[in-house]
Amino acid sequence: MKKITYPALPVLVVDDEEQFRLSLMMTLSSNGINNVIECGDSRAVLGMLQETPCEMALLDLAMPGLSGSKPLPEIVKEYPHLPVIILTAYETLETARQALRLGACDYLTKPFDLGTVRTAVRRAMHRRQVSEQVRTNNLRLKELQREVEDQRVREEILRGRGEI
C-alpha cells in the first residue's frame with residue numbers, strides 16, 4: 001500500500017467515554033496523527049464538522065441520548081468525502097450491516113486491537129486521499145472540456161468569417 005501522508009486537518013473522535021477517547025487519541029498519535037479533536041456527544045458532531053473540517057471521523061455507535069448511527073447519514077450526506085469509522089462494544093452482524101449501509105467506511109469493535117485500528121485508519125486515510133484525487137481530476141477534466149468547447153466555438157466563428 002502507498003505511504004499515507006497526514007495533512008493538517010484533524011481527525012474527529014466521537015465517544016461518550018472519556019478514557020476511550022484518550023486511548024484512541026494515543027493510538028492515533030502513535031500512528032503519526034497528532035491533530036485530533038474529540039467530542040463526547042453525537043448531537044454535536046455536525047456542528048463540529050461545520051466549524052472544523054476534518055480528515056476523517058471515528059464515531060461510537062452506542063452512546064446515551066443520541067446513538068452514533070443517527071448522525072451518520074447526515075454526515076455522509078453533508079461530507080461525502082469524509083471517511084467515518086464506526087466503533088462499538090456491541091457488535092452484531094445487523095449493526096455492522098446497518099453502519100456500512102449508512103455510509104461508514106469501516107466498523108471496529110471495542111476493545112480494539114491497536115493493529116486493527118492502525119490498519120483501519122490507514123485505509124480510511126488512503127480512501128480520503130484517493131477520493132480527493134478523483135475529485136481534483138474531475139474538476140480538471142471539466143475545466144479542460146470547457147477549454148476544448150471554447151476553442152471549438154472560436155474555430156466555428158473564424159470559419160463563419162472565412163478566416164481559416
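When side chains are defined from C-beta on, P10 does not count as touching V36, because their heavy atoms never get closer than 4.5 Å. Annotation: side chain of R122 is in contact with side chain of R118 (closest heavy-atom distance under 4.5 Å). Residues E147 and L144 meet the side-chain proximity criterion, which asks for heavy atoms closer than 4.5 Å.
The shortest non-hydrogen separation linking G40 to R21 is CA-NH1, 3.3 Å. The nearest pair of heavy atoms linking P83 to R128 is CG-CB, 3.7 Å. In this structure, A124 and I85 approach most closely via the heavy-atom pair CB-CD1, 4.0 Å. The two residues C54 and L82 make their nearest non-hydrogen contact at O-CD1, 3.3 Å. Between L72 and A99 the shortest heavy-atom distance is CD2-O, 3.7 Å.
R146 has no carboxylate O lying under 4.0 Å from a charged side-chain N of E149, or vice versa, which leaves the two without a salt bridge. Between E74 and K77, no side-chain nitrogen of the basic residue sits less than 4.0 Å from a carboxylate oxygen of the acidic one, so the salt-bridge criterion is not met. With respect to the salt-bridge test (charged N to carboxylate O, under 4.0 angstrom), the residues R135 and E132 qualify.
Test V84, V13, L12, T88 against L59 for side chain to side chain contact (heavy atoms under 4.5 Å, CB included) and you get one pass: V84. Among the candidates D15, V121, L87, the single residue satisfying the side chain to side chain contact (heavy atoms under 4.5 Å, CB included) test with L24 is L87.
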Between Q151 and R154, is a side-chain hydrogen bond (donor to acceptor under 3.5 Å, both in side chains) present by the stated rule, with each step listed?
-> CA-CA 5 Å; Q151 183 62 32; R154 282 192 295 273; 2.9 Å; yes

Run the numbers on D16 and D60 for side-chain contact (heavy atoms from CB on, under 4.5 Å), then give the verdict.
-> CA-CA 8 Å; D16 58 313; D60 186 17; 3.1 Å; yes

Residue pair V11, L58: steps toward the side-chain contact (heavy atoms from CB on, under 4.5 Å) verdict = CA-CA 8 Å; V11 169; L58 293 105; 3.5 Å; yes

For R140 and E143, what are the C-alpha separation, side-chain angles and deciding distance, and is it a salt bridge (charged side-chain N to carboxylate O under 4.0 Å, His left out)?
-> CA-CA 5 Å; R140 179 69 179 132; E143 182 181 304; 2.5 Å; yes

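Of the inter-residue distances, the one linking L46 atom CG with E51 atom CD reads 11.5 Å to the nearest 0.5 angstrom. Distance check, rounded to the nearest 0.5 Å: CZ of R127 to CE of M125 gives 13.5 Å. Put simply, CD on Q50 and OH on Y79 are 4.5 Å apart, with the number rounded to the nearest 0.5 Å. We find the CG-SG distance between L49 and C39 to be 9.0 Å, quoted to the nearest 0.5 Å. Note: L22 CG to T27 OG1 = 10.5 Å, rounded to the nearest 0.5 Å. Atom CG in D106 sits 9.5 Å away from atom OG1 in T116 (nearest 0.5 Å).
Around the CD atom of Q19, the shell of radius 6.0 Å holds no more than 12 heavy atoms that belong to other residues, nucleotides or ligands.
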